[in-house]
Asker: 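Submitted below is the structure of interest, expressed as structure tokens.
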Protein chains: 2
Amino acid sequence: MSPARARTSGAAIVTAARELLEDGGLEAVSMAGVAQRVGIRPPSLYKHFGDRSDLLAAVMTDTALDLGRILTDVVERSDEDPTAQLHALAAAYRSFALATPRAAALLFADVAAGATPTLESQAEAVRPVLRVAEAMVGPTKALAAARVLTAFAYGFTSMESAGAFHLGGEVDDAYQLGLSVLAFGLERAAAGTSQEAAR
Amino acid sequence: MSPARARTSGAAIVTAARELLEDGGLEAVSMAGVAQRVGIRPPSLYKHFGDRSDLLAAVMTDTALDLGRILTDVVERSDEDPTAQLHALAAAYRSFALATPRAAALLFADVAAGATPTLESQAEAVRPVLRVAEAMVGPTKALAAARVLTAFAYGFTSMESAGAFHLGGEVDDAYQLGLSVLAFGLERAAAGTSQEAAR
DNA sequence: ACCTGAACACCGTTCAAGT
DNA sequence: ACCTGAACACCGTTCAAGT
């Protein structure tokens with residue numbers, strides 16, 4: 001009659017799944033592996049998540065929210081100019097992506113059984129970028145600028161983690177070059193907009 | 001005594017796998033599904049590929065070689081200046097990525113059972129970019145510039161295909177903005193290098 | 001030389017039964 | 001309310017046997 005005490009929680013399951021993901025990739029995130037890690041049997045997982053795809057989606061959402069917190073902190077703790085904030089954001093993102101490469105690679109992808117993070121969590125992760133972009137180029141071009149910056153940082157770190165940069169050379173320098181070029185060009189695009197507005 | 005006639009080929013198997021990949025994602029590329037599509041039984045696939053991971057790697061290599069041919073054609077058929085060639089390359093890459101989004105998303109990723117395209121095929125796909133980058137910024141910065149350009153185009157199209165750009169706005173415009181900004185900034189970086197060299 | 005059916009271990013998922 | 005063992009369909013893979 002007395003209900004079985006919960007031996008785990010949704011949060012603990014997501015944490016276990018994230019650990020398995022980083023250790024062994026997507027295929028290592030099996031219902032059996034996750035269940036074992038949290039100390040229950042596979043069927044019990046279905047009391048917490050509808051199916052494996054739901055669990056993977058929760059992993060991605062959790063990752064996106066973590067990233068959002070990190071990037072928000074970077075922006076809020078800084079009183080520098082937008083360009084400096086952009087460099088700080090990019091550095092923080094790269095650290096995050098290199099610390100948890102498999103989760104980061106899934107953030108804006110669609111390769112895991114159709115699982116995707118919630119739109120809100122994705123928006124949360126990108127919000128600080130959007131904010132800095134708006135400070136740099138104004139509200140009209142902010143969304144496009146944020147997309148450009150996110151695409152570069154996400155693409156670069158995904159490739160880096162996947163080992164796609166194997167021709168030698170300094171990978172750090174390439175990331176910095178990209179950032180500098182984007183920051184400079186976006187400032188110039190903003191100036192162009194101001195000139196147009198001044199006419 | 002007479003050996004069984006081959007009813008399929010490695011190339012036909014790879015083609016079938018690519019079709020299944022685009023139609024239903026990675027999970028749709030099952031040995032059973034691929035075998036059925038080429039008209040043999042699953043065990044026979046192991047006469048052509050060591051295991052599923054090998055087959056996926058062949059799919060990625062095939063994709064990379066296709067892309068390499070497309071991009072090489074773009075550069076070779078053009079007598080424009082490097083910046084115009086860069087825009088042509090980027091447009092061709094985006095068309096490719098939107099035509100076969102799942103394969104394109106895997107090109108520089110590491111999410112499919114540890115399968116990756118051969119290094120040569122990856123190099124083949126990127127070679128035209130490296131060539132145009134060198135024409136723009138010179139040999140010293142060519143590798144870094146090519147990485148920046150590839151990261152942007154790959155990241156952008158991966159995000160676009162995954163549905164990560166869901167806040168409205170013109171996605172085309174954002175891609176063009178990124179390209180213009182990168183092209184302008186890289187030209188400027190090249191000028192900087194020339195000035196240094198002139199000192 | 002390639003193809004096949006049978007078999008095995010494994011995985012995601014369901015469900016009736018337990019507390 | 002959550003957990004469990006048993007069961008099912010499915011998947012990747014192996015292998016001896018066929019031609």
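Heavy-atom basis, side chains included; hydrogens, waters and symmetry copies ignored. So you know, we letter chains A, B, ... as the sequences are listed, proteins then strands, and number each from 1.
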Asker: With the threshold set at under 4.0 Å for non-hydrogen atoms, list the residues of residues 22-50 of chain B touching DNA chain C in residue-number order.
Answerer: Ile40(B), Arg41(B), Pro43(B), Ser44(B), Lys47(B), His48(B)
Asker: Decide yes or no on side-chain contact (heavy atoms from CB on, under 4.5 Å) for Ser30(A) and Arg52(A), but give the supporting numbers first.
Answerer: CA-CA 8 Å; Ser30(A) 65; Arg52(A) 181 170 178 266; 5.6 Å; no
Asker: For the residue pair Gln122(A) / His166(B), report whether a side-chain donor-acceptor contact shorter than 3.5 Å exists.
Answerer: yes
Asker: Mind listing the residues from residues 6-18 of chain B sitting with a heavy atom below 4.0 Å of DNA chain C? Number order is fine.
Answerer: Ala6(B), Arg7(B), Thr8(B)
Asker: Which residue pairs pass the ring-ring contact (aromatic ring centres under 6.0 Å, His included) test when at least one of the two sits in residues 53-72 of chain B, sequence neighbours left out?
Answerer: none
Asker: Walk me through it: do Glu160(B) and Arg94(B) pass the test salt bridge (charged side-chain N to carboxylate O under 4.0 Å, His left out)?
Answerer: CA-CA 10 Å; Glu160(B) 183 178 10; Arg94(B) 184 147 175 261; 2.8 Å; yes
Asker: So do the side chains of Thr63(B) and Pro117(B) get within less than 4.5 Å of each other, counting heavy atoms only?
Answerer: no
Asker: Who are the ring-ring contact (aromatic ring centres under 6.0 Å, His included) partners of Tyr154(A), not counting sequence neighbours?
Answerer: Phe108(A)
Asker: Could I get the full list of ring-ring contact (aromatic ring centres under 6.0 Å, His included) partners for Phe165(B), not counting sequence neighbours?
Answerer: Phe156(B)
Asker: Atom CG of Asp51(A) to atom P of dT14(C): distance rounded to whole Å?
Answerer: 8 Å
Asker: State, to 0.1 Å, how close Leu89(B) and Val75(B) come at their nearest heavy-atom pair, and which atoms those are.
Answerer: CD2-CG2, 3.7 Å
Asker: Are Leu167(B) and Arg147(A) close enough that some pair of their side-chain heavy atoms sits under 4.5 Å apart?
Answerer: yes
Asker: Checking salt bridge (charged side-chain N to carboxylate O under 4.0 Å, His left out) for the pair Glu134(A)/Arg131(A): CA distance, chi angles, key distance, verdict?
Answerer: CA-CA 5 Å; Glu134(A) 180 165 346; Arg131(A) 187 168 146 187; over 6 Å; no
Asker: Name the stems with DNA chain C in them: runs of three or more consecutive Watson-Crick or G-U pairs, distances under 3.5 Å?
Answerer: C:4-8 with D:12-16, C:12-16 with D:4-8
